[in-house]
Amino acid sequence: MKRRKNLFIITCVFLLLTSFVVQASMPVPDLLPFGQLKLDRDETEEASQEEASQEEEQISGNSAAESVSENDAETAQDVLDGDAIGSSVILISDKTAEDYELAYERAKNANWGYTNLGIADVSDNLNIRAVAAEDGRLVGKLPRNAACEVIDTDDTWAHIKSGSVEGYVSLEYLLTGVPAKFKAEELAVTVAKVATDSLKVRAEANTESEVITLVAMGEELEVAAVEGDWVKVLLDNDEVYVSAEYVEVSAELSTAVTMTELLYGQGVSDVRVDICQYAKEFIGNPYVWGGTSLTKGADCSGFVMKVFQKYGVKLPRNSRSQANCGTTIKVAEAKPGDLIFYAKGKTINHVAIYIGNGQVVHASSPKTGIKISNVSYRTPFKAVRVLYD
């Protein structure tokens with residue numbers, strides 16, 4: 001009797017194991033191999049799941065896009081609403097292969113558009129060279145705290161691309177990996193890129209308010225806040241408003257300066273070249289209201305005054321007084337070293353140094369410090385020549 005009972009138990013166990021093996025051997029269509037994001041599904045299964053998942057995918061896609069615009073530090077798990085990522089979890093997840101592919105792509109480009117982010121860790125500018133050698137030809141400069149894509153590295157040099165500049169920089173002065181991401185989170189500036197011709201900048205958030213200036217298409221304004229249909233932006237050191245309908249808001253990091261932006265053509269005197277080169281040595285240094293230090297901080301007129309002081313040109317302390325010096329010229333006639341003035345309404349409130357190629361260098365705002373901008377980043381009010389050559 002005992003022998004029959006044992007035989008019965010063994011038979012039951014065998015039948016259970018056989019059932020489990022048969023079920024386990026059946027194909028599992030939603031299993032993702034490690035590192036693989038696309039699945040090979042048969043057409044009938046794909047057609048049956050497509051309609052059921054379409055609504056969920058649309059909601060998931062919209063949610064991810066909104067998340068990216070609000071916080072670029074996004075991970076794959078953020079896109080998947082907190083679901084863990086791993087083979088054991090995928091077996092029971094209701095996410096599709098397309099969801100996982102989207103998560104991977106969004107996470108890969110979450111660092112402000114950089115796959116392998118680098119940040120210049122220097123006190124002024126980091127030289128970018130055509131080849132990985134100390135005597136390599138200069139092709140550009142990476143200002144302090146500017147960002148780049150790190151293409152490759154060795155023990156000494158990093159091959160990078162930043163803006164329109166590609167070349168090699170000393171790895172010693174470049175933050176990469178986690179330190180670069182943490183630094184970028186401190187440095188990223190939310191900007192509103194103008195998406196229309198001649199955007200009107202107003203003093204208040206309504207269409208009846210005074211138009212302070214016009215900004216050309218493609219220019220970027222630093223965002224202070226988004227207030228419904230209006231975006232509060234910093235126009236140098238003033239808070240003003242633009243219509244949210246005509247701008248694209250995103251987070252940005254500064255990039256490299258090309259040699260074209262640093263050099264000049266024939267017909268420009270040595271003193272003008274020297275003044276512009278000297279002024280650009282301080283790119284990236286802080287803006288300080290009322291300051292006159294080129295290294296520790298200056299406001300727009302303090303910056304201009306100190307730069308020209310080195311070359312024996314004495315200028316008053318504020319921009320309105322500086323605008324009354326020298327000879328007034330047309331903006332189109334400006335040469336490197338001439339002064340460009342900007343106004344709020346008809347009151348001058350900002351000054352910059354023209355450096356050629358349609359650009360100015362100026363102490364802009366506490367967030368961006370001393371920087372290069374297009375001369376038309378806001379409508380110029382007048383130009384003045386204080387150098388005679």
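Note that this is a predicted model, so its numbers are computed, not measured.
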| task | Indicate yes or no for a side-chain donor-acceptor contact from E149 to the backbone of T115 under 3.5 Å, with no hydrogens or angles considered. | result | yes
| query | Salt-bridged, K141 to D124, with N to O below 4.0 Å? | reply | no
| query | Hey, do the aromatic rings of Y377 and Y342 have their centres closer than 6.0 Å? | reply | yes
| Interatomic distance, L214 atom CG to D197 atom CG [nearest 0.5 angstrom] | 11.0 Å
| query | Is the shortest side-chain N to carboxylate O distance from D299 to R317 below 4.0 Å? | reply | yes
| field | Heavy-atom pair of closest approach, residues C276 and P336 | value | SG-CB, 3.7 Å
| Any donor-acceptor pair under 3.5 Å linking the side chain of R202 with the backbone of S209? | yes
| request: Tell me, yes or no, whether the heavy-atom count around E134 atom CD, taken from other residues, nucleotides or ligands under 6.0 Å, exceeds 12. | output: no
| Side chains of K200 and Y246 in contact at under 4.5 Å (non-hydrogen atoms) | no
| message | Among residues at least two apart in sequence or on other chains, which ones pass ring-ring contact (aromatic ring centres under 6.0 Å, His included) with F282? | response | Y278
| field | Over all atoms of both residues, closest heavy-atom pair of A383 and I340 | value | CB-CD1, 3.8 Å
| Are the side chains of R272 and K335 in touch, meaning some heavy atoms are under 4.5 Å apart? | yes
| Ionic contact status for K232 with E227, cut-off 4.0 Å | yes
| request: Looking only at non-hydrogen atoms, find the nearest pair between D154 and W157 and report the distance. | output: OD1-N, 2.5 Å
| Closest contact, heavy atoms only, E281 versus N125 | O-ND2, 4.1 Å
| said: Holding to ring-ring contact (aromatic ring centres under 6.0 Å, His included), I want the full list of residues that pass it with Y354, two or more places apart in sequence or in another chain. | reply: none
| note | Those residues at least two apart in sequence (or on a different chain) that pass ring-ring contact (aromatic ring centres under 6.0 Å, His included) with H350 are H362
| remark: Note: A256 and P143 closest approach over all heavy atoms is CA-CD, 4.0 Å
| Close side-chain approach of E245 and D229, heavy atoms under 4.5 Å | no
| query | V242 and W230: side-chain contact (heavy atoms from CB on, under 4.5 Å), yes or no, with the steps? | reply | CA-CA 6 Å; V242 296; W230 293 87; 5.6 Å; no
| Is any NZ, NE, NH1 or NH2 atom of the basic residue among R144 and D121 found under 4.0 Å from an Asp or Glu carboxylate oxygen of the other? | no
| Which atom of A184 lies closest to which atom of L117, heavy atoms considered | CB-CD2, 3.7 Å
